[in-house]
Amino acid sequence: MLKEKNTLLQEKYPLLINGEHVNSETEQFFNVYNPATGEKLAEVAKATRADVDRAVASAREALENGKWGRWPASRRGQILNKIAQLMRERFDAIVELEILNSGKSLAAAKGQVMQAIEDFELYAGAVTTIAGSTKPVPNGFLHYTTKEPVGVCAQIVPWNYPLMMAAWKVAPALAAGCTIILKPASLTPLTALVLADLCEEAGVPAGVINVITGSGADVGAYLVEHPGVDKVAFTGETTTGKDIMAKASDTLKRVTLELGGKSPNIVFPDVDLEAAVNGSVFGIYYNTGQSCEARSRLFVHEDIYDEFLELFVEKTKKLKLGDPLQKDTHVGALISQSQWDTVDSYVQLAKEEGAKVLYGGKRPEGANFEQGHWYEPTVIVDVTNNMRVAQEEIFGPVVVVIKFKDEKEVIQLANDSIYGLAAAVWTQDFARAHRVTSQLKAGIVMINNPISAFPGLPFGGYKQSGFGRELAIESLDLYMETKSVISYVGQKPINPFGI
Ligand code: NAD
């Protein structure tokens, strides 16, 4: 229960277009809810295609006028630092708003909001590294390259990390001098709307960042196809990513995709058992398992399988579910009833496929869990890697456990997936850790560690987990074009045909 109303919580949230809060063309709104209680939180403007046209025109105008992209890089850096400072000043209110809108635990929300802040600080510094180069060319010529903003960027983000995913996209795009139309997920738009307001408050000129809220299939898709958009940066499901890539192809937009995962967590027999269990429990149940990088396939060596599993279930039982605003809560609610149904249908499917639910597999008991979308942390055993529950992303607090015999076998099993986002390796054998890592088809590998992201380190996937890397300094390059300039500086007039 909140002691007092959150200062950032409004009854109605309009769109942000060209620096103004405006209603959608139809003046329609949709409701957003608190997933932990099912209560209505606020109403958010339901954008139409005409609103997208307005937002794109505003971003295009801001780009062409060089209001932002042609500022000295260091001045953009100052404003990025100011955005981070404003977020720090409102940290508690932003964290609380994120929890109210997403149902995630306080610890998870704090970490993610802090990472969003650090992301702006990272790119505030990185902005001054933007530089062209020069190459040796024949006598009489001079060559140099310049870096220019890629242009108007559509940035489409999912509901599982609402603010952090927005920050991963907005900060480098602003640093590179681009202009933005941000499209948050309909279930969780509130903190992204707050972020855009803070950008304006910090001094980002009107039109540089615009926010469109509404249906992904309608206004999201229209944004992707829009001829006024130069680049699409998308995080979400692999199936949506495929649709986006197809739709963006008509105008050959630049595309970066951060998509789904089914990441392996590999436990060799020589581990520090306690640490490996603690890390593996965190690896799946963090953020209620609604993480693209969730280690949802747990491979355990046969020599320690029984002992490991016993301790894994013992620790899972210790996880505290409940009011996400309490600091000792480990696992919050699922995002929606539809997500609850998806998660539960996979648990039922596991049984049909011949697997066994060792722990969990239902709504937790008790009055606190009757409202909202609660699901017990769940452990499924007797799984083979070809089952659908081992191949498809469940996106909830459900781990499937698979026994393995040796290194060669587990590498083959781990790589036997359409996804390639993350992987974890647990072993005390240093050589084995790196030997296995080098053979895993994954964009991120964690060794004896369950933490997958720090600002500054590249984050992104192999295979159908997408392409392009976010969160790193080199991610700036995904928001810039390179212009190669070849100039004749000889004294004799140029006459290559000799005519
Ligand atoms: P989603 O694909 O349903 O939606 C993501 C966003 O795309 C939302 O804003 C949605 O409104 C919009 N959208 C939906 N259909 C669209 C369309 N046809 N055209 C344009 N936009 C459209 O994903 P979700 O359910 O919100 O998020 C969960 C997914 O995100 C999971 O698969 C998860 O693995 C993935 N994810 C990946 C990463 C990563 O870095 N790889 C990070 C977080 C989440």
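When a residue number appears, it is its place in the shown sequence, counting from 1. Read the numbers this way: they start at 1 and go in the same order the structure lists the ligands and their atoms.
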Check the pair K262 / D416 against salt bridge (charged side-chain N to carboxylate O under 4.0 Å, His left out), numbers first and verdict last. CA-CA 10 Å; K262 191 77 185 177; D416 180 15; over 6 Å; no
Could you pull out, from G461, S336, G236, G460, the option with a heavy atom nearest to atom 30 (O) of ligand 1? G236
Which is closest to atom 17 (C) of ligand 1 in terms of heavy atoms, G220, S452, G216? G216
For P184, is the nearest heavy atom under 4.0 Å from an atom of ligand 1? yes
Measure the distance from [atom] to every protein heavy atom, then report the residue, atom name and distance (to 0.1 Å) of the closest one.
{"atom": "atom 23 (O) of ligand 1", "answer": "E237 N, 3.4 Å"}
{"atom": "atom 8 (C) of ligand 1", "answer": "V157 O, 3.3 Å"}
{"atom": "atom 2 (O) of ligand 1", "answer": "T240 OG1, 2.6 Å"}
{"atom": "atom 32 (O) of ligand 1", "answer": "E393 OE1, 2.7 Å"}
{"atom": "atom 12 (C) of ligand 1", "answer": "I156 CG2, 3.6 Å"}
{"atom": "atom 38 (C) of ligand 1", "answer": "C292 SG, 3.0 Å"}
{"atom": "atom 24 (P) of ligand 1", "answer": "W159 NE1, 3.4 Å"}
{"atom": "atom 27 (O) of ligand 1", "answer": "P158 CB, 3.2 Å"}

Inspect the surroundings of [atom1] in [X] and state if more than 12 heavy atoms from other residues, nucleotides or ligands are less than 6.0 Å away.
{"X": "K46", "atom1": "NZ", "value": "no"}
{"X": "K110", "atom1": "NZ", "value": "no"}
{"X": "E201", "atom1": "CD", "value": "yes"}

Report the distance from atom [atom1] of [X] to atom [atom2] of [Y], rounding to the nearest 0.5 Å.
{"X": "E121", "Y": "D119", "atom1": "CD", "atom2": "CG", "result": "9.5 Å"}
{"X": "E481", "Y": "K147", "atom1": "CD", "atom2": "NZ", "result": "9.5 Å"}
{"X": "R469", "Y": "E258", "atom1": "CZ", "atom2": "CD", "result": "7.5 Å"}

Keeping K12 on the side-chain end and N23 on the backbone end, is there a donor-acceptor pair under 3.5 Å? no
Can a protein heavy atom be found under 4.0 Å away from atom 4 (O) of ligand 1? no
Does some side-chain heavy atom of I83 sit less than 4.5 Å from a side-chain heavy atom of V170? no
Would you mind listing which atoms of ligand 1 come within a distance below 4.0 Å of any non-hydrogen atom of [X]?
{"X": "F459", "value": "40 (O)"}
{"X": "T235", "value": "5 (C), 36 (N), 37 (C), 38 (C), 39 (C), 42 (C), 43 (C), 44 (C)"}
{"X": "D243", "value": "18 (N)"}
{"X": "N160", "value": "43 (C), 44 (C)"}
{"X": "K183", "value": "9 (O), 10 (C), 11 (O)"}
{"X": "A221", "value": "19 (N), 20 (C)"}

Does only the side chain of T239 get under 4.0 Å from ligand 1, or the backbone, or both, or neither? Count heavy atoms. neither
Heavy atoms only, cut-off 4.0 Å: how does K247 contact ligand 1, side chain, backbone, both, or neither? neither
Cut-off 3.5 Å, side chains only: do Q112 and N287 have a donor facing an acceptor? yes
Side-chain H-bond candidate by donor/acceptor type, Y161 with S102, under 3.5 Å: no
Do the two ring centres, one from F459 and one from W168, sit under 6.0 Å apart? yes
Between V224 and ligand 1, is there a nitrogen or oxygen pair with a distance under 3.5 Å? no
Does the pair D218 and R49 meet the rule for a salt bridge (charged side-chain N to carboxylate O under 4.0 Å, His left out), with working shown? CA-CA 8 Å; D218 180 20; R49 293 179 173 216; 2.8 Å; yes
